[in-house]
Amino acid sequence: MSNIFLLIGILSIGLAFTGAQSIGVCYGMIGNNLPSKQEVVDLYKSKGINRMRLYYPDEEALQALRGSNIELILDVAKETLSSLVNANEATNWINKFVKPYSQDVKIKYITVGNEIYPNDNEAQYILPALQNIQNAISSANLQGQIKVSIAIAMSLIQNSYPPNNGAFIDPARSYIQPIINFLVTNGSPFLANVYPYIAYVGDKQNIHLDYALFNQQGNNDVGYQNLFDAQLDSVYAALEKVGGSNLQIVVSESGWPSAGGDGATPENAATYYSNLINHVKSGTVKKPGMAIETYLFAMFDENQKNGASTEQHFGLFNPDKSPKYQINFN
């Protein structure tokens with residue numbers, strides 16, 4: 001009997017350790033001053049970062065990941081989505097970018113569409129591409145190792161306060177429902193890019209900086225101490241309304257810029273990242289005690305990225321691989 005209790009204790013320790021290892025970092029490459037792919041993988045390993053998101057199947061990065069034991073979210077490039085409506089092309093994609101690496105690269109999720117909106121031209125391709133990639137993975141006998149999903153932006157969620165009122169925006173309902181059905185059927189998680197920074201700069205009159213940075217003392221009138229939990233729980237509430245109450249949410253991006261906009265300072269960014277890493281071990285109000293698999297955005301500043309000036313200042317490390325902040329990733 002004592003051996004059984006010992007085994008249970010070992011399993012419990014293992015599960016606790018897995019929960020603590022819930023942090024990954026997104027590896028964006030839109031810069032002309034970044035280290036080599038092998039140097040980047042070595043940096044992940046040296047810092048104890050055990051999860052990575054890669055925004056397209058860069059073969060040099062995939063080669064560098066061999067034997068690294070780093071779990072990977074692998075995105076389908078936006079430009080590739082339309083071709084995956086063809087089942088043969090989806091099979092070719094898996095045969096080129098997944099099968100050759102599947103033995104020694106820990107590909108965990110394939111993301112078929114990142115922040116694709118209902119009115120985007122690519123929206124029509126998402127469901128058939130999901131289905132074809134899933135079929136190709138099953139044909140390769142990798143369905144037990146790899147889950148197929150999408151990643152959404154928080155702008156697809158409305159009525160996010162209080163969080164229990166969260167719902168998908170009206171234009172997204174017909175788009176998202178069959179995707180949710182697909183994820184439920186295949187036991188895949190739902191990926192969401194969650195940015196308290198964006199919500200804060202969009203509504204500074206009602207959102208206090210401390211609430212966005214995990215520094216607020218005490219709960220607000222709907223029971224929340226930080227904006228991250230409120231945002232994430234609004235996505236859970238939206239999923240409940242479309243039959244996705246059993247889906248796990250993976251936070252596929254979350255970060256804070258160090259320059260380029262209101263509140264974008266190195267001090268605030270350091271505070272956000274450190275507090276987020278500590279917080280995701282303990283879950284949200286709706287999911288207490290459940291570690292949140294979370295990917296920080298991003299490994300480096302990307303000096304060639306378009307959009308708002310903040311877009312170029314989300315990096316955790318400088319191009320010379322020195323840390324911008326003193327952060328413990330575990």
Using distance alone, with no hydrogens and no angle criterion, decide if [X] and [Y] have a side-chain donor and acceptor under 3.5 Å apart.
X	Y	result
Y117	S155	yes
N86	N92	no
N303	N32	yes
Y211	N220	yes
D233	Y224	yes
D320	S322	yes
N69	K45	no
Q131	N135	no
T271	N275	no

Self-check item: Approximate separation, where rounding is to 0.5 Å, of M290 CE and Q248 CD
Solution: 6.0 Å

Over 12 non-hydrogen atoms of neighbours within 6.0 angstrom of [atom1] in [X]:
X	atom1	answer
K241	NZ	yes
N306	CG	no
K324	NZ	yes
N121	CG	yes

Exercise. Carefully, step by step, assess Y125 and L84 under the rule side-chain contact (heavy atoms from CB on, under 4.5 Å).
Key: CA-CA 8 Å; Y125 310 130; L84 300 183; over 6 Å; no

Practice problem: Check the angle between the aromatic planes of Y200 and Y197 and answer parallel, tilted or perpendicular using the 30° and 60° thresholds. | Solution: tilted

